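Please read these numbers as outputs of a predicted model, since none were measured by experiment. Heavy-atom basis, side chains included; hydrogens, waters and symmetry copies ignored.
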Amino acid sequence: MLLLKRLIRNKQNTVMTNTQIIEILSQEFDIDVKSCHELEVDIYIKIIKKYLKDWPQWEELERISTKLCTANDFDAIMKVLDHKYKHLKEYLGVMLEATKPLAKKAVADLSLDHNKEKNLDSSDVALEVYCTRDQLNHLIFRRPRTDLNNSIFNVERVEPTRISLNTLSFQAIVNFWWTKITIDTANVLIHRELLYKYKHALINQVPEQSKPVAELHSAAISICRGRKTSEYAKKNITQYFTRILSTCNDENVKQILEIIFQIIRTDIKTFPDQLKVPATYMRHASRYKYVRHLFVENDRNDDAKYDLQLEEIVTPLVQVFVGRLGKYEKLGPIKDWLSIECCLCKMKFQGSTELVSVLQAHFTECHQHEADWQCVNCKKMFGIDYLSTHRWFHNCNSTAAE
Ligand SMILES: [Zn+2]
Ligand SMILES: [Zn+2]
């Protein structure tokens with residue numbers, strides 16, 4: 001009633017707070033918000049706000065009350081107000097009653113959704129992390145840090161703890177993490193890279209794995225992406241390489257090219273004899289996936305129920321894209337048509353006589369502090385130096401792996 005008085009005096013500028021509406025709900029309509037779900041309360045508040053504004057009798061009430069005010073007939077005003085108050089209450093009451101079943105249904109649907117969430121498989125819970133490779137390698141504390149509000153995430157700057165003394169060979173660098181070779185001449189375009197399919201999972205206590213693991217298929221698959229393709233004999237590639245080498249006079253450049261061409265020749269051995277161009281060819285680099293568990297020790301917490309690790313499973317793939325495959329043409333300087341890219345750092349290194357030393361400097365400084373990998377089948381451990389030198393392949397039955 002008080003509100004009604006204020007509203008007729010200054011309807012445009014009266015802003016009702018939610019607390020005021022909650023008061024109206026309990027005093028006028030017997031709705032106890034404490035026993036309602038917050039979504040239900042929210043719906044009732046919105047209904048009151050909306051229908052209070054849309055009440056069709058505002059204009060009439062305003063007209064009568066202005067008239068009676070000028071006549072100073074307060075008794076009459078009170079009578080009108082009382083009458084209109086009853087009408088408004090009835091009007092809002094009808095709207096609220098109509099809303100009640102809908103609001104209860106909305107709450108029921110909501111709790112159904114909550115239950116659905118509770119039944120989620122742990123593998124359906126995803127965590128998105130934006131970080132560098134180094135940060136990812138050191139992201140998880142083995143046990144929560146009590147001094148950091150029980151955080152399990154390490155956001156401190158990562159300094160390398162292991163200094164590698166041996167320099168990677170050029171052969172290993174081009175088979176390292178995400179290195180991409182590009183040969184781009186007038187008649188020939190080839191991209192060759194090692195790709196890694198990852199699967200990450202945050203686990204507590206690494207389980208003993210006993211079930212047998214699946215062997216990856218070794219057949220090459222081709223992807224043409226619906227473009228018009230032509231067929232070329234695979235030996236065109238090897239012949240093209242031989243022509244380049246026979247015309248190369250720089251011994252340093254020749255050494256680089258010999259290694260690169262040997263890698264691509266080995267890659268395409270398992271590809272079909274007739275190649276579609278343009279097309280991408282892909283095959284697994286290893287017979288089994290590799291796994292490793294990444295964590296940062298935390299000696300300050302010795303709670304035995306924690307042994308958190310970021311499990312990283314990787315499937316290495318060799319990928320060769322042949323975009324053009326024409327006849328041999330006289331080539332310009334190597335920097336114009338050969339480049340090697342570190343895809344992790346998005347850095348491109350043009351072909352040059354210093355290519356090997358430039359790449360060695362980059363990879364020794366940025367990429368050698370990698371944890372070892374374990375074959376999911378034979379459980380042998382391999383350093384990244386070994387894997388990149390051996391094109392990510394190893395023989396599970398061989399004892400001379402290390
Ligand atoms: Zn890099
Ligand atoms: Zn193995």
Side-chain angles (χ1 to χ4, degrees), residues 1-129 144-146 148-153 202 305:
M1 192 65 171
L2 262 173
L3 192 78
L4 192 65
K5 283 182 195 164
R6 255 179 65 193
L7 282 170
I8 31 169
R9 249 179 264 136
N10 199 353
K11 184 173 169 247
Q12 296 306 320
N13 297 323
T14 305
V15 178
M16 289 175 72
T17 64
N18 286 358
T19 322
Q20 282 174 321
I21 295 177
I22 286 170
E23 221 166 87
I24 292 175
L25 282 172
S26 74
Q27 281 176 14
E28 308 279 346
F29 301 102
D30 258 340
I31 294 177
D32 180 17
V33 293
K34 285 191 209 81
S35 63
C36 293
H37 189 277
E38 56 186 279
L39 175 67
E40 214 177 330
V41 177
D42 196 43
I43 291 171
Y44 295 148
I45 290 174
K46 287 210 169 79
I47 288 291
I48 294 280
K49 276 188 183 165
K50 176 173 166 41
Y51 288 101
L52 203 54
K53 211 174 81 198
D54 294 352
W55 186 42
Q57 299 201 9
W58 278 120
E59 269 184 39
E60 193 194 329
L61 177 63
E62 254 174 83
R63 216 174 44 238
I64 300 172
S65 60
T66 326
K67 212 160 91 189
L68 294 174
C69 269
T70 28
N72 275 342
D73 191 345
F74 292 111
D75 280 354
I77 292 177
M78 283 317 287
K79 225 184 259 174
V80 171
L81 274 180
D82 192 51
H83 175 71
K84 290 294 173 195
Y85 153 74
K86 279 184 186 138
H87 184 276
L88 178 61
K89 182 176 168 177
E90 200 189 311
Y91 171 75
L92 291 175
V94 169
M95 296 306 174
L96 280 173
E97 279 310 313
T99 312
K100 272 182 190 169
L102 297 173
K104 296 234 187 290
K105 188 178 176 303
V107 172
D109 287 351
L110 190 76
S111 53
L112 214 70
D113 280 353
H114 270 301
N115 283 342
K116 244 189 258 164
E117 273 166 37
K118 268 182 216 151
N119 292 336
L120 280 181
D121 192 274
S122 64
S123 60
D124 292 333
V125 182
L127 176 72
E128 222 170 83
V129 178
R145 281 274 295 262
T146 43
L148 296 175
N149 210 6
N150 277 324
S151 173
I152 60 160
F153 298 107
L202 178 60
K305 71 172 178 282

Can you confirm whether [X] sits close enough to [Y] that some side-chain heavy atom of one is under 4.5 Å from a side-chain heavy atom of the other?
{"X": "His87", "Y": "Trp55", "answer": "yes"}
{"X": "Leu127", "Y": "Phe153", "answer": "yes"}
{"X": "Lys89", "Y": "Lys86", "answer": "no"}
{"X": "Leu81", "Y": "Ile77", "answer": "yes"}

Item checked: Minimum heavy-atom distance Val41-Cys36, with the two atoms named -> CG2-CB, 3.7 Å

Item checked: For the student: nearest non-hydrogen atoms of Tyr44 and Lys104, plus distance ->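 Minimum heavy-atom separation between Tyr44 and Lys104: OH-NZ, 4.4 Å.
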
Next item on the list: Evaluate whether atom CG of Asp32 has more than 12 neighbouring non-hydrogen atoms of other residues, nucleotides or ligands under 6.0 angstrom away.
Entry: yes

Note to self: Looking at Asn149, I'd like to know if its CG atom is crowded, meaning that more than 12 non-hydrogen atoms belonging to other residues, nucleotides or ligands lie closer than 6.0 Å.
What the structure shows: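 Open: at most 12 neighbouring heavy atoms sit under 6.0 Å from CG of Asn149.
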
When rounded to the nearest 0.5 angstrom, what is the spacing between [atom1] in [X] and [atom2] in [Y]?
{"X": "Glu62", "Y": "Lys84", "atom1": "CD", "atom2": "NZ", "value": "12.0 Å"}
{"X": "Ile22", "Y": "Ile45", "atom1": "CD1", "atom2": "CD1", "value": "4.0 Å"}
{"X": "Ile43", "Y": "Glu38", "atom1": "CD1", "atom2": "CD", "value": "11.5 Å"}
{"X": "Asn150", "Y": "Arg145", "atom1": "CG", "atom2": "CZ", "value": "11.0 Å"}
{"X": "Thr19", "Y": "Ile24", "atom1": "OG1", "atom2": "CD1", "value": "11.0 Å"}
{"X": "Leu92", "Y": "Glu28", "atom1": "CG", "atom2": "CD", "value": "9.5 Å"}

Note to self: Tell me whether Asp75 is salt-bridged to Lys79, with the criterion being a basic N under 4.0 Å from an acidic carboxylate O.
What the structure shows: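 Not counted as a salt bridge, because no side-chain N and carboxylate O are separated by less than 4.0 Å.
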
Next item on the list: List in chain and number order the residues that pass salt bridge (Lys or Arg N to Asp or Glu O under 4.0 Å) with Glu97, two or more places apart in sequence or in another chain; answer none if no residue qualifies.
Entry: Lys100

Notebook entry, point to check: Given the rule in the side chain to side chain donor-acceptor pair (under 3.5 Å) test, do Glu90 and Tyr85 qualify, once you have shown the distances and angles that lead to the verdict?
Noted result: CA-CA 8 Å; Glu90 200 189 311; Tyr85 153 74; over 6 Å; no

Next item on the list: On the 0 to 90° scale, with breaks at 30° and 60°, tag the Tyr51-Tyr91 ring pair as parallel, tilted or perpendicular.
Entry: perpendicular

Next item on the list: Give me the one residue out of Ile47, Leu52, Asp54, Ile48 that meets side chain to side chain contact (heavy atoms under 4.5 Å, CB included) with Lys50.
Entry: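 Testing each of Ile47, Leu52, Asp54, Ile48 against Lys50, the sole residue satisfying side chain to side chain contact (heavy atoms under 4.5 Å, CB included) is Asp54.
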
Next item on the list: Before giving the answer on side chain to side chain donor-acceptor pair (under 3.5 Å), spell out for Lys49 and Asn18 the whole-Å C-alpha distance, their side-chain angles and the decisive distance to 0.1 Å.
Entry: CA-CA 9 Å; Lys49 276 188 183 165; Asn18 286 358; 3.2 Å; yes

Item checked: Whether Thr70 side chain and Lys67 backbone form a donor-acceptor pair below 3.5 Å ->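 Side chain of Thr70 to backbone of Lys67, a donor-acceptor pair under 3.5 Å: yes, one is there.
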
